[in-house]
There are 2 protein chains.
Amino acid sequence: MVEKPKWDMTSDIHKYPKPSVTVDIVIFTVQNDELRVLLVKRKADLKKGEWALPGGFIRLDESLEESAKRILEQKTGVKDVYLEQLYTFGDPFRDSRGRVITVAYFALIDSEKMKIKPTEEVADAQWFSVYNYPPLAFDHKKVLDYSLTRLRSKLEYTTVGFQLLPQKFTLTELQKLYEVILAKTLDKRNFRKKIASLNLVEQTKETKMEGVHRPARLYKFKSKKFLLESDVV
Amino acid sequence: MVEKPKWDMTSDIHKYPKPSVTVDIVIFTVQNDELRVLLVKRKADLKKGEWALPGGFIRLDESLEESAKRILEQKTGVKDVYLEQLYTFGDPFRDSRGRVITVAYFALIDSEKMKIKPTEEVADAQWFSVYNYPPLAFDHKKVLDYSLTRLRSKLEYTTVGFQLLPQKFTLTELQKLYEVILAKTLDKRNFRKKIASLNLVEQTKETKMEGVHRPARLYKFKSKKFLLESDVV
DNA sequence: CCAAAAGTGTTAGTGATACACCCATGT
DNA sequence: ACATGGGTGTATCACTAACACTTTTGG
C-alpha cells in the first residue's frame, strides 16, 4: 500500500479563491448509419431531469484523464474508449451554483462495445442523433457543437475514425462511417484508393455475408509492428 | 455600476473538493531571426528565482481568457495579442503546494509591440530562444514543447503567422518568419506563389530600403471587407 | 561596375476527382 | 435469371517541388 503523497496545505496559494472543476465527456458512436452522442438525465439538485453530457467533479488525487475515465464508466458503464481532451470551458456564470470550470473530453466507442447494457446506475443514459437531441443543460450544446467540429476535422487528417469500428470491418462499413460523420457522400473507388494508400489496413481471409449479394471482404488494422514510419497514424 | 451576480453558495457542489486553477501563457515572438518565448523569474514562495511561464491564479468573476489577458498584461506589460487556449494540464502532483490545474494559453505578438519597455513590476521578464532557455519550474517545459508543436502545425494550415509581423512587411520578412518557426528553409519562388494564391495580402506603394540593394516592396493584410468567402482565413 | 538582396516562370511529379461496368451471391 | 451490394481502372486537373537568372539599388 503506497501512502498518498500530501501537499503543502499551508502555502499561500490556498488563499486564492478556488473554482469547482468538472469533467464533461462527449462520447460518440455510429449506430444505424447515424452519428450519435450519449446523454444522461440529470439527478443532481440543479437542472434535475434535464439532459446533459455525462460529467462530474474531479477528485484531487487523480489526473484529468483519470477523472474522465472514471466518470465515463460510472455514468455510462463504458470502458476502454478513445479519449482526448477537447477544450476547457470557464465562463463565470455557466453554472448558477458557483464558479464551475469544466474540462471537456471527447470520446469514441465502436458500435459493438456500445451495446453494453446500462447498469442500474446508468439507467438514464441514452444515445441521441447529433442532429436530433433534446435541449441540454448548461453550455453543453456549445460543448457538443465544438466537439462535432473537432471530430470532423480530425477525421480528415488522422485515423480516429477507426475507433468507431469493431476489429474487423468491411470497406463499405468504413466508408459509411466517414459519410455519416462528414454528412456527405464519398466516391467508392476513390475512397478505397485512399484507404489503400494509407497502408493501415489489411485483408483478412474472412468475409461478411449480409443479405443477398456478394459477400464483403473483412479488413482489420495492421498491428503496430508492421506499420512503417512513413505510414500515417 | 452593475452589481456582481452571485452564485448559490449553499449548493451541494461546494462539498466537492476544489483545486486551485491557474492560467499559464506561452507567448512567442520572432526577433533577430529567432523564435523566442517570454519567461519570468518567479517571486512566489515556491521555486523563487526559477524561470517559468508567465501565469497566475484565476479570479472567480472573469472568464479564462480574461484571466489570461489580465495576467499577461500584469506580468509582462503586453496587451492586444493573439491568444488561443492550448491545453489544460492537471497532473495531481505537478505542484507540491496543492492540486493545481493550469489552463495553458498560447499567444503571439509582433516584433514591434514586443519592444515595449517592461514596467517596474515586470522587470524580470525576458525573451529566450526556444532552442536555448533556462530550466523551467513545474511542468512548464512540457507546456512549452506542446505549444511549439501547436504553433508549427497551425502555421501550416492557418494564417496565425501573420500575427507575428507588423502591419507592413516585406515578403522576405514573411518567409523568414516561416523559416524560423518551422526551422527549415523554403523556396522563395514557391513561397511567393503560395502567399499570392491565398489572396490575403496586397502590395502597398511603399518600399523598405535596408542596406545596399534593391528596395523590397511592403505588403499588408487585406482588410476584412475585401476578403472573399473563398479566401482562407 | 560591383555587391547584395529583390523579384520572377516553367517543368515534372504527385495526389485528388470524376466517372461506369463486371462480379459473387441467394432466391 | 435477377436483384443486390462488392469490387475494380483510367483520364483529367490542381497543387507541390525543384530549379537559375535578371533587376534595382548604394557605394
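Contact annotation for B:Ser197: no contact, since no heavy-atom pair falls under 4.0 Å across all strands. As judged by a 4.0 angstrom heavy-atom cut-off over every strand, B:Arg217 is placed among residues touching the sugar-phosphate backbone only.
Sorted by first and then second residue, the salt bridge (charged side-chain N to carboxylate O under 4.0 Å, His left out) pairs with a member in residues 157-175 of chain A read A:Lys168-A:Glu206, A:Glu173-A:Lys208; sequence neighbours excluded.
Contact between the side-chain N/O atoms of B:Thr172 and the OP1/OP2 oxygens of C:dA6 is found at a separation under 4.0 Å.
Boundaries of the chain A contact region on DNA chain D are D:dA3 to D:dT10, first to last in 5' to 3' order (nucleotide atom under 4.0 Å from a heavy atom).
With sequence neighbours excluded, the residues satisfying side-chain contact (heavy atoms from CB on, under 4.5 Å) with B:Thr22 are B:Asp24, B:Phe57, B:Val100, B:Thr102. Residues meeting the side-chain contact (heavy atoms from CB on, under 4.5 Å) test with B:Glu179, sequence neighbours left out: B:Gln175, B:Lys176, B:Thr185, B:Leu186. A:Glu50 is linked by a salt bridge (Lys or Arg N to Asp or Glu O under 4.0 Å) to nothing, counting only residues two or more places apart in sequence or in another chain. Residues passing the side-chain contact (heavy atoms from CB on, under 4.5 Å) test with B:Tyr133 are B:Leu39, B:Phe128, B:Leu136, B:Lys141, B:Leu144, B:Asp145, sequence neighbours excluded. By the salt bridge (Lys or Arg N to Asp or Glu O under 4.0 Å) test, A:Lys194 is found to be paired with no residue, residues two or more places apart in sequence or in another chain being considered.
Within the 3.5 Å criterion, the main-chain N or O of A:Leu53 finds a donor-acceptor partner in the side chain of A:His140.
The distance between atom CG of B:Leu174 and atom P of C:dG7, rounded to the nearest whole Å, is 12 Å. B:Lys208 places its NZ atom 17 Å from the C1' atom of C:dG7, with the value rounded to the nearest Å. Regarding A:Lys194, its NZ atom lies at a distance of 9 Å from the P atom of C:dG15, rounded to whole Å. Rounding to whole angstrom units, CZ of residue B:Phe191 and P of C:dG9 are separated by 18 Å.
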Could you list the donor-acceptor pairs under 3.5 angstrom formed by side chains in residues 84-91 of chain B, with sequence neighbours left out?
unit_1: B:Glu84; atom_1: OE1; unit_2: B:Tyr82; atom_2: OH; d: 2.5
unit_1: B:Glu84; atom_1: OE1; unit_2: B:Lys154; atom_2: NZ; d: 3.2
unit_1: B:Glu84; atom_1: OE2; unit_2: B:Arg150; atom_2: NE; d: 3.3
unit_1: B:Glu84; atom_1: OE2; unit_2: B:Lys154; atom_2: NZ; d: 3.4
unit_1: B:Thr88; atom_1: OG1; unit_2: A:Thr88; atom_2: OG1; d: 2.5

**Fill in**
Each nucleotide of nucleotides 17-27 of chain C classed B (base within 4.0 Å of a protein heavy atom), S (only sugar-phosphate) or -, in 5' to 3' order, makes BBBB--BBBB-
